[in-house]
2 protein chains.
Amino acid sequence: MSTRLTAARHPGPVTDLPSTDRPRGTLHFGPDVPPVRGSPTALARRFSQMCMGMMVEGLATTDLTALQYAVLSNLNRQDGEPGIDQNGLAARIGVERSHVSVLVEELVAKELIEQRVNGADRRARLLHLTPKGEKLYARLRPGIRIANESVLEPLSPHERRLFIDMMIRMIAANGTHARPGARRRKRGSQSSPSRKSGESRKSNDLGRRTS
Amino acid sequence: MSTRLTAARHPGPVTDLPSTDRPRGTLHFGPDVPPVRGSPTALARRFSQMCMGMMVEGLATTDLTALQYAVLSNLNRQDGEPGIDQNGLAARIGVERSHVSVLVEELVAKELIEQRVNGADRRARLLHLTPKGEKLYARLRPGIRIANESVLEPLSPHERRLFIDMMIRMIAANGTHARPGARRRKRGSQSSPSRKSGESRKSNDLGRRTS
DNA sequence: TATTGTTATACTCTATAACTATA
DNA sequence: TATAGTTATAGAGTATAACAATA
């Protein structure tokens with residue numbers, strides 16, 4: 001059984017929800033919008049997918065991935081924190097230290113960032129954008145910002161602030177999960193069949209004529 | 001330059017934000033919470049990471065991935081839509097048809113779902129949970145639901161409804177992006193160095209003593 | 001010719017672990 | 001011994017394209 005529901009397109013909250021409960025089951029929208037489940041997880045997935053879609057559009061003229069852009073946005077002098085080390089960057093963008101190593105390598109190869117050894121602690125590498133990196137970020141930022149704003153466009157200005165605020169509160173409260181490693185699962189507890197390439201997937205009969 | 005800000009821990013909205021603007025730059029929280037950028041995209045990433053963390057915990061006693069569970073939640077008889085075809089499922093969970101093929105194969109191998117050829121259109125496969133699948137979903141659902149609710153716990157009951165509602169409105173409005181394929185980028189516009197295995201990554205000098 | 005599902009491939013992101021240099 | 005970063009490997013998820021069966 002599925003919860004039928006047509007979402008209000010723009011201004012107010014969806015009003016035909018029982019005020020004592022949230023939608024359960026699968027939510028159905030108009031013809032252009034695929035149905036979604038009403039759980040935070042399912043919505044989070046779609047929402048993030050949506051943001052990534054916007055992001056990729058905004059980066060279409062470059063060869064940057066979303067995370068590579070995230071690095072630039074964390075390190076730039078305009079509104080970032082230049083000079084943080086790789087662990088700090090890992091914490092900020094929410095990826096593993098090892099992944100940061102790779103991201104940094106890629107961006108160094110593109111000559112967009114540089115690593116400087118910290119004089120005080122020669123283990124650490126402090127990260128800065130190169131002039132080329134700053135220039136690229138300055139060029140990209142307006143479009144990305146507009147894309148980000150457009151995601152929130154169905155909300156009223158007050159709701160936009162509230163939405164960001166609620167996100168922040170949930171992330172802050174669940175800090176232990178909102179970071180890499182939270183998703184850890186035992187090694188070797190794999191679920192995919194893990195075929196050798198060469199043996200084909202399935203007989204795939206199921207009543208089809210083998211013509 | 002970074003926006004310093006200490007998020008209110010529980011009940012009300014964060015109050016020290018200028019009411020005419022949203023936080024820009026990097027947001028700093030307490031010692032247990034890594035900083036985040038204030039853009040919807042960055043928050044979406046963290047939020048989804050958080051939800052996935054919860055999900056993986058809830059699935060820890062199984063060998064299901066988050067998406068495999070999503071399939072069960074879309075097909076079960078309690079609150080799902082049994083009998084939809086694979087394209088319908090793809091639209092609902094927001095993955096490519098080709099990925100659904102793989103997910104279905106994995107779950108069929110676990111004997112949790114089954115494919116039935118549609119009599120009316122022999123191309124389509126209608127999906128149903130097996131009794132084993134229904135049983136597993138019934139066992140898992142309460143824990144997953146509690147995990148999902150716990151994500152929203154920092155919000156007041158009214159805010160929880162509003163948050164879900166806002167998510168739904170944004171997803172509905174941006175329907176063209178909230179689905180796979182929105183993230184498309186030109187093929188071959190790759191960013192990784194794409195090393196041959198055998199040649200090592202970088203000289204990695206940077207002033208380290210080569211002891 | 002168009003659509004459903006399958007297979008293959010490649011890339012992005014995530015998770016771990018072992019390792020080096022430095023503290 | 002502990003920490004910052006590197007390298008390697010594997011799994012999960014995403015993006016495309018070519019194909020077979022069916023419409």
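So you know, we letter chains A, B, ... as the sequences are listed, proteins then strands, and number each from 1. The model shown is predicted, which means the values in this text are computed figures rather than measured ones.
- Between A:Ala120 and A:Leu103, it is A:Leu103 whose nearest contact on DNA chain C lies nearer the 5' terminus.
- Summary of the strand contacts: A:Leu67 and B:Gly88 both lie near DNA chain C, and taking for each the nucleotide with the nearest heavy atom, the more 5' one is attributed to B:Gly88.
- Residue A:Gln68 places no side-chain N or O under 4.0 Å from the OP1 or OP2 atom of C:dC11.
- Rounded to an integer number of Å, the gap from B:His99 NE2 to C:dT4 C1' is 18 Å.
- Following rounding to the nearest Å, A:Met52 (CE) and D:dT14 (C1') show an atom-to-atom distance of 10 Å.
- Rounded to a whole Å, the CG atom of B:Asp121 is 11 Å from the C1' atom of D:dA21.
- Taking only side-chain atoms of A:Gln49, from C-beta outward, the nucleotide of C:dG5, D:dA12, D:dT14 with the closest atom is D:dT14.
- Under the side-chain contact (heavy atoms from CB on, under 4.5 Å) criterion, B:Asp121 pairs with B:Asn118, B:Arg123, not counting sequence neighbours.
- Within the 4.0 Å cut-off from OP1 or OP2 of D:dT3, not a single side-chain nitrogen or oxygen of A:Arg122 is found.
- Counting to the nearest Å, the C1' atom of D:dA17 and the CD atom of B:Glu96 are 11 Å from each other.
- Residue A:Ser101 places none of its side-chain N or O atoms closer than 4.0 Å to OP1 or OP2 of D:dT7.
- The shortest distance between the side-chain N/O atoms of A:Arg97 and the OP1/OP2 oxygens of D:dT3 is not below 4.0 Å.
- One can place CZ of A:Arg125 at 18 Å from P of D:dT3, the figure rounded to the nearest angstrom.
- B:Lys135 pairs by the salt bridge (Lys or Arg N to Asp or Glu O under 4.0 Å) definition with nothing, not counting sequence neighbours.
- What separates CZ of A:Arg123 from P of D:dT1 is a distance of 16 Å, to the nearest Å.
- Per the geometry, CE belonging to B:Met55 stands 15 Å off C1' belonging to D:dG13, to the nearest Å.
- For the atom pair OG1 (B:Thr130) and CG (B:Leu112), the distance works out to 5.5 Å, reported to the nearest 0.5 Å.
- At the phosphate of C:dG5, neither OP1 nor OP2 sits under 4.0 Å from any side-chain N or O atom of B:Arg116.
- For C:dT4, neither phosphate oxygen OP1 nor OP2 lies less than 4.0 angstrom from any side-chain nitrogen or oxygen of B:Asn118.
- Dashed line: the shortest gap from a side-chain N or O of A:Ser98 to OP1 or OP2 of D:dT7 is not under 4.0 Å.
- Across the protein-nucleic acid pair, B:Asn87 atom CG and C:dA2 atom P stand 17 Å apart, rounded to whole Å.
- Ring orientation note: the planes of A:Phe163 and B:Phe163 are close to parallel, at an angle under 30° on the 30°/60° scale.
- Close to C:dT6, at under 4.0 Å from its OP1 or OP2, lies a side-chain N or O of B:Gln86.
- Rounding to the nearest 0.5 Å places OG1 of A:Thr65 at 7.5 Å from CG of A:Leu107.
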